[in-house]
Structures are given as C-alpha cells and as structure tokens.
Amino acid sequence: MAQPSSYDTVESLLAAHEDESVHLECGRETVDRAVRFVHERYARRRCAFYVSTDRGFDRETVRSYLRLFSRLAGGSVTAGDAMAHFGLAPAARTQVRRLTAEQRALLNFARMSLFEPEVVFCERPLADVTPSTRGLVTAWMGQVADAGGILITAGEPLREALLMPGTAFYEEDGRLHEAKTAVGEKDEDVEYAGDEVRVFKVPARVDGATLLFDPREVDFVESVNRQNFASVRGELYPVTMTLDELESELERFGFFRCHRSYIVNVQKVAKVERFTRNSFNLTLADAAQTQIPLAKGRAEAMRERYGWR
C-alpha cells in the first residue's frame, strides 16, 4: 500500500518511513520530538546524534576530545582519521571553547564519524558550515547513505532538506507534507518561429510595488510552502506566476527545471555534483555558493540538453 504524502505527527511520519532517510523542515518542538523518537526507535542500532546544544567539552582540545570518543566508540576510525577528514588537524591543540562555530560543527561530525553509525540524526547539519567545508560534511553523509545507513535531519530550510539523500518533508498548519520531486513535465525542446522578439521580465512584489527583473539577474526560482520566490543577488523576492508559467517563459533564457520546486539559471551553475549514488546537487557561482537540488530523473535530461559529458 502506498504511503501517505502527509502526516499528523512526526512520530507517525518516522514510523512509516522506518529504515529510510528522512529530512524535515520543521519547528523547534518537532525537532525535539523527532530526536526523542529516533533515540527510542533505533536504540539497538549504532546511532550518532548532533543537535544544536552539542558544544563539546570546553577545556578539552580537539585531539583529546576526539580521542575520548574514539575510545568510547572502539571502532576502526581513529581520532586522527576524523581530524584529517573534517579538516581539523590544524586545530588539534586548540581548546574546544576557542573554536569557531564552523569548527564546532565539524568537530561534532568528526565525533559522530568515530562511531561508524548506522543511524545519524542531525539538527541543521549545514547551518554553520561554509561553502569551503560543506563538501566535507556532505561527502561523509553520502558515505553513510551509500553504506546503507539512515540519515535523519530536522530543522533545516527545505532547500537544504532537498539536497539530502532520502525524502524531504515540510511542516505546515500542524502537518508534515512530503516535498514532491518529480516534475511531471515532458522534456521537449521549445521552438521559436520567425524573427519574433518576445520580451519577458520576472515580476516580483515588494511592499506593494512590482519589481521587474531581467532574467539574467535571476539565479534561481524556488517554491516554498506554496509560495514562489526569485533569487536575485542573494535576496528572495515573491513572484505571483506559477513555476510552470515561469518555466515556459524562462526556458529560452537558459533556465532549466531541475526539480519539481526549482528552476535554475544554467549560466549561474558552477558545478554539478553527485551527492550519493542516487542524488545530485548544483552549486551556483554566487558568493554563498548556493546549492540547488537536482532531481534524479532530471540529471540525465540536463546532461543531454546541454551536451555535458
């Protein structure tokens, strides 16, 4: 029997998707309930947890902290291995209390890796990492998923949830709804006859005024909680057109429907990356090196359309 696409509680969602990777855009209360459920449901599995209150032991150094957890884990991954993978070797002698927010985040991922977990729970896994180190985190999470592990994340924006391998859900009006990934549109080339010139601006509403953006200014368009937004120079502007309408207009300007919820300006794409065997993302050439999900079914269509080999 097919699973429902929305749930009354996070407990019913996680129970229905047991042994699957699940990612949740949700509020604080739902995060707390999710972590309690995972603790109880997977008590007999090797688990690793990272929540916002995990700040380490202030007086320990990075090396001594990871050596402590390496002894507790008793596995094959050493403290040195963990420091090397997450770029913490230069900070090995630094006390935890002196670490930056990003270094603390990497320390928590290094700690989790020592346990070679079958189940990983993370609250906002990408919140404190910068583009330069984000790949270290996503590479490790990809390894966990490819080895058959379960990744459960909570509290992140839907864009981050959609980047993760597994199924993404968003919380709205007390329910958790699945974020669909299939576009459901045929991938056909658009033909333009004759010398007709068609001008199009992306209309956005701000404080009662309508802004008209040149498509070349738009990095991507996303749909979040039934509202569409155009990203221009790092700012999100609400647009009233549907994604299907925008896709139809923007396709001739080099935009591609990479996901049910995203249309990307291909000229702004710097990298196409495989996250795991079955998940991909696009990294943009903006200041934040924004990552956009590329749905599995759209990866081949994108490769063929633009002749990427």
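For the pair Y7 and H177, the minimum side-chain heavy-atom distance is 4.5 Å or more. Contact of the V77 side chain with the S70 side chain is not registered, since no non-hydrogen atoms from C-beta on lie closer than 4.5 Å. Proximity of F255 to V264: side-chain heavy atoms (C-beta onward) are nowhere separated by under 4.5 Å. Residues E273 and Q291 form a side-chain contact, since some pair of their non-hydrogen atoms from C-beta on lies under 4.5 Å apart.
Between S21 and G149, the shortest heavy-atom contact is OG-O, 4.0 Å. Of all the heavy atoms in C258 and P293, the pair that sits closest is SG-O, 3.4 Å.
Remark: the E116 side chain and the S113 side chain contain no N/O donor-acceptor pair separated by less than 3.5 Å. Between the side chains of E102 and T133, a donor-acceptor pair is found at a separation under 3.5 Å. No side-chain donor from either of E222 and S261 sits under 3.5 Å from a side-chain acceptor of the other.
If you look at H23 and Y170, their ring centroids are not closer than 6.0 Å.
The distance from atom CZ of R159 to atom CD1 of I292, rounded to the nearest 0.5 Å, is 5.0 Å. Interatomic distance, E171 CD to E25 CD, rounded to the nearest 0.5 Å: 9.0 Å.
Among pairs with a residue in residues 87-112, those fulfilling ring pair (Phe, Tyr, Trp, His ring centres under 6.0 Å) read Y50-F109, at least two apart in sequence or across chains.
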Kindly list each side-chain donor-acceptor pair under 3.5 angstrom involving residues 229-239, sequence neighbours excluded, with atom names and distances?
unit_1, atom_1, unit_2, atom_2, d
R233, NH1, E217, OE1, 2.9

Between H39 and F49, does a ring-ring contact (aromatic ring centres under 6.0 Å, His included) hold up when you go through it step by step? CA-CA 9 Å; H39 265 293; F49 293 82; 3.8 Å; yes

For H259 and F280, what are the C-alpha separation, side-chain angles and deciding distance, and is it a ring-ring contact (aromatic ring centres under 6.0 Å, His included)? CA-CA 11 Å; H259 187 280; F280 306 82; over 10 Å; no

